[in-house]
Each structure stands twice: as C-alpha cells, then as structure tokens.
Number of protein chains: 2
Amino acid sequence: MKPEELKGHLDGLILAVVSQESLHGYAVIEALKQRSGGALALPEGTVYPALHRLEADGLLRSEWTQAGRKRRVYSITKRGEKELGVSRERWRVFSATIEAVLT
Amino acid sequence: MKPEELKGHLDGLILAVVSQESLHGYAVIEALKQRSGGALALPEGTVYPALHRLEADGLLRSEWTQAGRKRRVYSITKRGEKELGVSRERWRVFSATIEAVLT
DNA sequence: GGCTATACCTAGTGTTACTAGGTGTCAAGC
DNA sequence: GCTTGACACCTAGTAACACTAGGTATAGCC
C-alpha cells in the first residue's frame, strides 16, 4: 500500500479501533495490523503523531498507567464517537465516488 | 469531500476516464464531475498538473489540436492501460482494508 | 550481560491536492 | 462595439500529513 493513499483516512481508522476498547499506542498499531489482516502495518512515526493530533482535537483522551511498563492509554471521547460517525459516512461517500469513476 | 482523502487516488481516476475516450484537460474535469454525480468537482489547479505528471511518467500522451479552440488532447498509452489495472487492483485492496477496520 | 520485543517520542522529508493568481478565445446579449 | 460568462490553458507557492530516521527506556529470557 502506497503511503499517500491512506491520507485523510487514518484518523477514522484509529478512532474505530479505540472506540471498541481503550488501547495504548503500541496496541493501536497491533490492532490495526490484526484487523486488517496484516495490510496495515503502520510505523510508529505515523501512529504516535496521529494520536497526539486526535487528543489535541479532543477526539481522544489519554492517561498514563503503570502496571509493569509505563503506557499511555487512549480512550475515545463523546466528540470522538461523533467524529467516528462522520468518518464512516465520509468513507461511504468517498468509496462510492471512486467506485463510480474507476470501475 | 476533504482534499487529503483523494491523495494517491487521483491518477487512477484520470486514467480511467481517459482510457474510455481521449479527452482534453477541461473535458477531463467535466467527465470526472459527471461520472461521480457531481461529487468530484476538481479545480483546474489539481487536474492540469496531474495530467502533466502522468504524461511525464509515460502513462498519457498529448497532442495539440485546433478545431476552433486550441486544445490539448490526452490519450492513454500502453503503460497507462497497465497502470490503470494496477490502480484498480490497488483500490480493491485498499477499500477492503479500510472496510475491515472502519466498519 | 546481551538480546529481543515492547513502548514511547520527535525533527525533518517528500508527495500531492489545492489556492490564487495569470493569459487568451469564443459566443451571446445589450 | 462592448461586456459578460463559459471555455481552455498554465504555474508558483501553500498546507497537510504519512513517513523516515533517528533517539530513549523497560521487561523478560537465554
């Protein structure tokens, strides 16, 4: 998968996995890999800044935990849930559009 | 539709419309708008540079015509046809991946 | 002790759709 | 004739963002 084609879609994906279960950053990467069947093997340099951006936008909230290893666990906020809905709808429109032209 | 989410997908869309019929730049914009039901209303500053890039990459070829107005008509090349196939396959993989995670 | 997987971070890069301008032609309406 | 709007082309600069390439540190296993 080439890097650019993910642009604009990453935030929704992260919101989707975190909405199911609060996760720390590294676990988000694992979850994306697993749920995509290995297709989404994102580097940390992609995911961590995205998490910070989502938190700055108030769509995620984070908390440091220390059960053994120090981890920053992210949960989805109300606004994040709402934005996830918007992302899903936007994806429907977008994919229908591409499908109509490309195929 | 937000601008970034198109990134990495535009080239395939242009190849798709030009593969059906040779078109000049302005007509490519119209064709994309029509085939997408109005969803893809791309500015000229997006499409013209993309056409130049595709020609530089050998995926399109252009010819100036003068039947009334001066127009630059683009046709798809053999390499362009092949790349269009790759784009379609890449889209299938990509959309399946997003679908798996997002929904 | 050394190694691997886990876990976090960020400064800088590259690509690319878009903005905001520009030039010129043609047809229709006044 | 003149103006307006659609047609038709172009490009320099901007913004956004996934990614590269580094860095630090801990836990568990051999």
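Within every chain, numbering begins at 1; the chains are lettered A, B, ... in the order of the sequence lines, protein sequences first and strands thereafter.
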With the side chain of [X] defined as its heavy atoms from C-beta on, choose the nearest nucleotide among [options].
X	options	result
Lys7(B)	dC9(D), dA16(D), dT25(C)	dA16(D)
Pro49(A)	dC19(D), dC10(D), dA5(C)	dC19(D)
Thr46(A)	dC19(D), dA6(D), dA17(C)	dC19(D)
Pro43(A)	dC17(D), dT20(D), dC7(D)	dT20(D)
Arg72(B)	dC9(D), dT6(C), dA17(C)	dC9(D)

Classify Gly25(B) by what it touches in the nucleic acid, base, sugar-phosphate, or nothing, heavy-atom distance under 4.0 Å.
sugar-phosphate
Minimum heavy-atom distance between [X] and [Y], given as atom pair plus value:
X	Y	result
Thr103(B)	Arg88(A)	CA-NE, 4.4 Å
Ser36(A)	Val101(B)	CB-CG2, 4.0 Å
Gly25(B)	Leu51(B)	CA-CD1, 3.7 Å
Leu84(A)	Ser19(A)	CD2-OG, 3.6 Å
Leu60(B)	Val18(B)	CD2-CG1, 3.8 Å

Figure out the [atom1]/[atom2] separation between [X] and [N], and round it to whole Å.
X	N	atom1	atom2	value
Arg53(A)	dC9(C)	CZ	C1'	16 Å
Leu10(B)	dT15(C)	CG	C1'	13 Å
Glu44(A)	dT20(D)	CD	P	12 Å
His24(A)	dA27(D)	NE2	P	14 Å
Glu30(A)	dC8(C)	CD	P	11 Å
Glu5(A)	dC19(D)	CD	P	10 Å
Lys2(B)	dA17(C)	NZ	C1'	14 Å
Ile29(A)	dC9(C)	CD1	P	11 Å

Residue whose nearest DNA chain D nucleotide is more 5′ - Met1(A) or Gln66(A)
Met1(A)
Comparing Glu4(A) and Lys70(A) on DNA chain D - which has the more 5′ nearest nucleotide:
Glu4(A)
Can a side chain N or O of [X] be found less than 4.0 Å away from OP1 or OP2 on [N]?
X	N	value
Tyr48(B)	dC10(D)	no
Arg69(A)	dC8(C)	no
His52(B)	dT11(D)	yes

Name the residue closer to the 5' end of DNA chain C, choosing between Asp11(B) and Tyr26(A) according to the nucleotide with the nearest heavy atom.
Tyr26(A)
